[in-house]
Amino acid sequence: AHGLDAPEQVAANVKANGHGGRVFASPLARRAAKDKGVDLALLTGSGPHGRIIFADVTSAPANGSGAAAPAQKSQSLTLAASTSAALPRGMTDEQIMALYEPGSYEITPHETMRRVIAQRLTVAKSTIPHFYLNIDCELDKLLAARQSLNVRTPKDGPGAYKLSVNDFIIKALALALQRVPGANAIWSERGLLQHKRSDVAVAVAVEGGLFTPVIRSAETKTLVQISNEMKDLAERARKRRLAPHEYQGGTSSISNLGMFGVKAFDAVINPPHSTILAIGEGEQRPVVKGGALNVATVMSVTLSCDHRVVDGALGAQLLAAFKGFIEEPVTMLL
């Protein structure tokens with residue numbers, strides 16, 4: 001749900017019982033061990049490849065002895081366990097329920113997907129320094145190009161297609177990430193992961209949550225390829241039939257609420273990404289061109305950035321490149 005990507009594994013060089021040793025642990029685990037007085041060298045990690053995660057530290061006695069909790073079988077459950085102790089504490093269940101008259105509500109237990117989404121995005125907002133950039137893009141040329149291409153499609157058969165505005169948006173972001181490669185990066189404690197490909201994740205709403213299937217190497221694919229692949233991924237996402245490799249990873253994300261009439265919004269970055277593009281509704285608005293008032297179809301987009309990776313100027317360059325491709329869609333074919 002929402003990517004479900006395991007955090008980047010980071011090696012921590014520590015002293016083990018006074019001797020030189022190498023212990024693999026997450027940053028949260030190291031921080032918790034320091035606060036609790038736990039010696040990481042005495043723990044057995046339950047994370048991937050024996051990595052010590054937050055739950056291993058919280059389940060260990062304060063003196064650092066004892067075995068860590070058994071490893072989770074599901075990656076999503078492992079992630080939930082490793083992040084839950086890091087979440088800020090709000091009201092208790094008892095405090096919340098005390099505010100409402102007994103019998104005036106029903107409790108619906110959380111599904112695993114909703115619980116993992118809640119934990120991941122709470123960690124994202126708590127640990128990623130978000131900032132936001134907004135820009136308006138005119139869509140009239142894109143809409144004309146889309147209509148011109150769609151009327152040329154075969155009515156049926158393997159060559160048939162129907163391009164959506166979202167297909168152009170995916171392609172435009174993928175090309176913009178190639179034009180501004182500094183923004184096609186992800187933060188890790190070892191250093192920046194500078195990606196060579198534009199693997200664009202697209203949020204797809206499903207009952208009880210969402211998935212973010214990934215269009216791999218979107219910069220190299222035609223609009224028709226992107227359209228057909230996205231339709232297949234979205235359909236299987238709604239049926240919860242995606243394989244993990246189809247929704248994990250990615251280098252950036254798109255969340256499009258324009259079809260629901262939302263004009264503009266700020267999206268939460270999907271870890272481990274450094275950017276997410278929030279797409280609003282395309283609508284006719286008055287614009288001034290050459291001193292004259294005109295009407296254009298305008299779409300507002302908001303780029304959420306991880307300030308550890310993408311500074312303001314770099315984010316602005318990425319948005320400008322995206323806007324250029326959207327407003328001159330013929331350039332996507334070069």
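Everything numeric in this text was worked out from a predicted model, so none of it was measured. For reference, positions follow the sequence shown, starting with 1.
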Do [X] and [Y] come within less than 4.5 Å of each other through their side chains, counting heavy atoms only?
X    : Y    : value
S26  : R51  : yes
L242 : P213 : yes
V310 : L318 : no
S198 : L173 : no
V200 : E219 : no
L143 : Q147 : no
N134 : L319 : no
M97  : I107 : yes

salt_bridge([X], [Y]) N-O dist < 4.0 Å:
X    : Y    : answer
E138 : K289 : yes
R240 : E111 : yes
K231 : E235 : no

**Q.** salt bridge (charged side-chain N to carboxylate O under 4.0 Å, His left out) against D167, all qualifying residues, sequence neighbours excluded
**A.**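 Partners of D167 by the salt bridge (charged side-chain N to carboxylate O under 4.0 Å, His left out) criterion come out as none, since no residue qualifies.
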Q: Not counting sequence neighbours, which residues clear salt bridge (charged side-chain N to carboxylate O under 4.0 Å, His left out) with R238? List them please.
A: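 In terms of salt bridge (charged side-chain N to carboxylate O under 4.0 Å, His left out), with neighbours along the sequence ignored, R238 is linked to no residue.
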Q: Using salt bridge (charged side-chain N to carboxylate O under 4.0 Å, His left out) as the criterion, point out the one residue from R216, K171, K221 that pairs with E229.
A: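 Answer to the salt bridge (charged side-chain N to carboxylate O under 4.0 Å, His left out) test with E229 among R216, K171, K221: K221.
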Tell me every residue that passes side chain to side chain donor-acceptor pair (under 3.5 Å) with [X], counting only those two or more places apart in sequence or in another chain.
X    : answer
R146 : none
E281 : none
T297 : D140

Sequence neighbours left out, what pairs pass salt bridge (Lys or Arg N to Asp or Glu O under 4.0 Å) with at least one residue falling in [range]?
range            : answer
residues 263-275 : K263-E283
residues 267-277 : none
residues 322-333 : K141-E328, K323-E327

Please report the shortest heavy-atom distance between [X] and [Y], naming the atom on each side.
X    : Y    : result
D306 : P129 : OD1-CD, 3.5 Å
N228 : A160 : OD1-O, 4.2 Å
V123 : T127 : O-OG1, 2.6 Å
R197 : N184 : O-ND2, 2.9 Å
S217 : D199 : N-OD1, 2.7 Å
A201 : H273 : CB-CE1, 3.9 Å

At what distance, to the nearest 0.5 angstrom, does [atom1] of [X] lie from [atom2] of [Y]?
X    : Y    : atom1 : atom2 : result
F325 : L333 : CZ    : CG    : 11.0 Å
N270 : R120 : CG    : CZ    : 5.5 Å
L192 : R308 : CG    : CZ    : 10.0 Å
I269 : L303 : CD1   : CG    : 8.0 Å
C305 : I276 : SG    : CD1   : 11.0 Å
I117 : M113 : CD1   : CE    : 6.0 Å

Do you reckon [X] sits in the same ILVMFWY cluster as [Y], going by side-chain contacts under 4.5 Å, direct or chained?
X    : Y    : result
V38  : I52  : yes
L257 : L133 : no
L277 : M299 : yes
V214 : L210 : no

Without swapping roles, check the side chain of [X] against the backbone of [Y] for a donor-acceptor pair under 3.5 Å.
X    : Y    : value
S304 : A267 : yes
S274 : A185 : yes
N294 : A292 : yes

Q. Does the side-chain contact (heavy atoms from CB on, under 4.5 Å) test come out yes or no for S253 and V202, once each step is laid out?
A. CA-CA 6 Å; S253 303; V202 183; over 6 Å; no
Q) V287: which other cluster members, linking ILVMFWY side chains closer than 4.5 Å, directly or transitively? A)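 For the cluster that includes V287, the remaining residues are V298.
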Q: Under the ring-ring contact (aromatic ring centres under 6.0 Å, His included) rule, collect the residues that match up with H307, sequence neighbours excluded.
A: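 H307 satisfies ring-ring contact (aromatic ring centres under 6.0 Å, His included) with F131 once adjacent residues are dropped.
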Q. Who are the ring-ring contact (aromatic ring centres under 6.0 Å, His included) partners of F265, not counting sequence neighbours?
A.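 For F265, no residue satisfies ring-ring contact (aromatic ring centres under 6.0 Å, His included) once neighbours in sequence are set aside.
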Q: Please check if atom CZ in R236 has more than 12 non-hydrogen atoms from other residues, nucleotides or ligands closer than 6.0 Å.
A: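 Check passes, neighbour count above 12.
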Q. Can L121 and K125 be said to form a side-chain contact (heavy atoms from CB on, under 4.5 Å), step by step?
A. CA-CA 6 Å; L121 297 187; K125 287 294 287 185; 5.7 Å; no
Q: Before giving the answer on side-chain contact (heavy atoms from CB on, under 4.5 Å), spell out for H195 and I186 the whole-Å C-alpha distance, their side-chain angles and the decisive distance to 0.1 Å.
A: CA-CA 8 Å; H195 294 284; I186 286 175; 3.2 Å; yes
Q: Tell me, with the steps shown, if N150 and Y161 meet side-chain contact (heavy atoms from CB on, under 4.5 Å).
A: CA-CA 7 Å; N150 280 342; Y161 61 85; 3.8 Å; yes
Q) side-chain hydrogen bond (donor to acceptor under 3.5 Å, both in side chains): which pairs involve residues 95-107, sequence neighbours left out? A)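 For residues 95-107, and leaving out neighbouring residues, the side-chain hydrogen bond (donor to acceptor under 3.5 Å, both in side chains) pairs sorted by first residue read T92-Q95.
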Q: Please step through side-chain hydrogen bond (donor to acceptor under 3.5 Å, both in side chains) for the pair S300 and R285, ending with a clear verdict.
A: CA-CA 11 Å; S300 294; R285 301 180 197 171; 3.0 Å; yes
